[in-house]
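Some notes on the structure that comes next.
Atoms within a ligand are numbered from 1 in the order they appear, just like the ligands themselves. Quick note: numbers below take in every heavy atom, side chains included, and nothing from hydrogens, waters or symmetry partners.
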Amino acid sequence: MAKVINGQSLPNIPWQEKTNTEDVIWRYDQNPIIRRNPAKGCARVYNSAVVPWNGEFIGVFRADHLNGVPGLHVGHSKDAINWEIDPTPISWVDDKGNACTPEYSYDPRLTKLEDDYIVAWCACHDGAVVGVGKTRDFVHFERLPDATLPYNRNGVPFPRRIGGKYYMLNRPSDDGHTPFGDIFLSESPDFVYWGHHKKVAGRIGQNWWECTKIGAGNVPIETDEGWLLFYHGVGNTCNGLIYSIGAMLLDLEDPSKVLYRTNNFILTPEMPYEVSGFVPNVCFPCSALVDADTGRIALYYGAADCGTALAFTTVDEIIDLLKNQ
Ligand code: BMA
């Protein structure tokens with residue numbers, strides 16, 4: 001069994017046993033766990049990130065407001081399935097206490113890094129950039145200098161320094177719906193200045209499910225076999241883009257090196273809540289809970305840009321597939 005490193009015991013992780021499928025990942029049978037209009041002023045909550053919190057769970061959620069503009073909201077849950085979304089968006093301040101909430105915010109990732117919870121998200125700065133900020137209590141949020149220039153999205157910080165440096169996956173893009181996209185890795189000595197950019201993984205032309213663009217999903221899970229990353233892979237059709245989910249394993253010491261990568265998607269839009277919605281045919285992973293004792297994983301993904309869904313797998317299921325596909 002592959003071992004989860006630096007993870008925490010999470011006996012209360014949401015979980016359902018696999019039944020009636022050979023798939024390596026299986027959906028929660030009560031999906032979607034967050035449906036439309038879950039809080040006042042929040043029309044659609046999806047593409048969001050959660051972490052364990054004082055024996056319960058907390059998260060940063062993307063909510064599209066009634067004017068269509070997305071913002072970030074805190075949510076609380078006892079079981080990581082039933083969520084209470086705060087109707088008031090997160091207000092960011094800079095290190096001097098000045099308000100600096102961007103015009104729009106979406107697709108947050110949440111990384112526990114040293115003493116802070118880091119939020120990395122797509123923020124507006126004359127176009128989409130990877131915004132970063134920190135909190136310790138999910139009440140006060142300090143925005144740090146943006147990690148990238150426009151246009152970049154899908155910033156995912158690693159949960160610890162590697163060789164003394166901070167690392168973040170990200171995906172250079174454009175000011176629209178981006179008909180291209182590969183995953184890059186950036187390095188920083190201080191979480192402010194980012195450089196030494198390296199390409200990690202690109203689209204694969206012959207895999208039609210991921211031939212248009214790919215982007216990192218969850219905060220990589222550290223295992224003794226490598227960093228386990230779920231990612232979205234996008235193919236194009238005459239009916240628009242289709243977002244599916246794949247996985248890869250990155251080298252522990254040099255996460256710009258891909259050790260293994262799934263050839264086929266592991267989850268693709270099939271269920272009614274995935275194939276129809278605000279944007280049809282979207283499964284967009286942003287977060288995973290992991291129980292270090294059992295290797296159980298609860299993967300959170302946005303469904304059709306209007307709901308939040310949950311799927312289950314284990315570290316071993318994914319690593320076995322990666323090695324033996
Ligand atoms: C991407 C992002 C995601 C969204 C996806 C599908 O470019 O904007 O937030 O889920 O498109 O619409």
Side-chain angles (χ1 to χ4, degrees), residues 31-36 38 42-50 59-65 67-73 85 89 102-110 119-125 127-131 148 150-156 169-184 203 209-218 230-246 265 267-271 273-288 299-311:
N31 271 346
I33 57 168
I34 303 176
R35 293 166 189 262
R36 289 186 194 242
C42 299
R44 298 173 295 274
V45 169
Y46 54 105
N47 300 5
S48 300
V50 308
V60 172
F61 292 83
R62 170 196 178 142
D64 292 352
H65 300 155
N67 59 0
V69 179
L72 302 184
H73 293 242
I85 309 294
E103 190 183 313
Y104 59 75
S105 295
Y106 57 85
D107 299 357
R109 274 58 166 201
L110 203 43
V119 186
W121 78 102
C122 175
C124 171
H125 181 157
V129 296
V130 176
T148 69
Y151 304 98
N152 198 308
R153 300 182 176 110
N154 298 302
V156 184
L169 299 166
N170 59 90
R171 215 278 301 284
S173 50
D174 71 5
D175 60 349
H177 295 297
T178 319
F180 63 88
D182 303 316
I183 299 175
F184 285 74
R203 308 148 258 189
W209 71 272
E210 57 173 348
C211 65
T212 302
K213 54 181 170 176
I214 60 171
N218 61 302
F230 295 94
Y231 68 98
H232 66 262
V234 182
N236 207 350
T237 69
C238 57
N239 194 34
L241 301 176
I242 313 287
Y243 284 70
S244 305
I245 300 178
F265 59 73
L267 193 136
T268 198
E270 283 173 5
M271 299 302 279
Y273 54 87
E274 297 164 347
V275 299
S276 92
F278 192 68
V279 179
N281 295 314
V282 181
C283 294
F284 194 96
C286 283
S287 180
L299 183 70
Y300 290 77
Y301 63 99
D305 283 12
C306 56
T308 303
L310 191 51

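- Given atom 8 (O) of ligand 1, the protein heavy atom at minimum distance is Tyr106 CE1, 3.9 Å.
- At a 4.0 Å cut-off, at least one heavy atom of Arg62 sits close enough to ligand 1 to count as contact.
- When the options Val282, Asn281, Val279, Asn236 are evaluated for a side-chain contact (heavy atoms from CB on, under 4.5 Å) with Leu241, the one that passes is Asn236.
- Inclusion of Asp305 in the set of residues having an N or O under 3.5 Å from an N or O of ligand 1 is warranted.
- Across the listed options Tyr301, Phe284, Tyr243, Phe278, Tyr243 owns the non-hydrogen atom lying nearest to atom 11 (O) of ligand 1.
- Within 6.0 Å of OH on Tyr273 lie more than 12 heavy atoms contributed by other residues, nucleotides or ligands.
- In Tyr104, the OH atom is crowded: over 12 heavy atoms of neighbouring residues, nucleotides or ligands sit closer than 6.0 Å.
- At a threshold of 4.0 Å, the pair Arg203-Asp182 counts as salt-bridged, since one of the basic side-chain nitrogens sits closer than that to a carboxylate oxygen.
- Among protein heavy atoms, the minimum distance from atom 2 (C) of ligand 1 is reached at Asp107 OD2, 3.6 Å.
- Using a 4.5 Å heavy-atom cutoff, the side chains of Pro108 and Arg62 are in contact.
- Distances below 4.0 Å separate heavy atoms of Asn47 from the following atoms of ligand 1: 3 (C), 4 (C), 9 (O), 10 (O).
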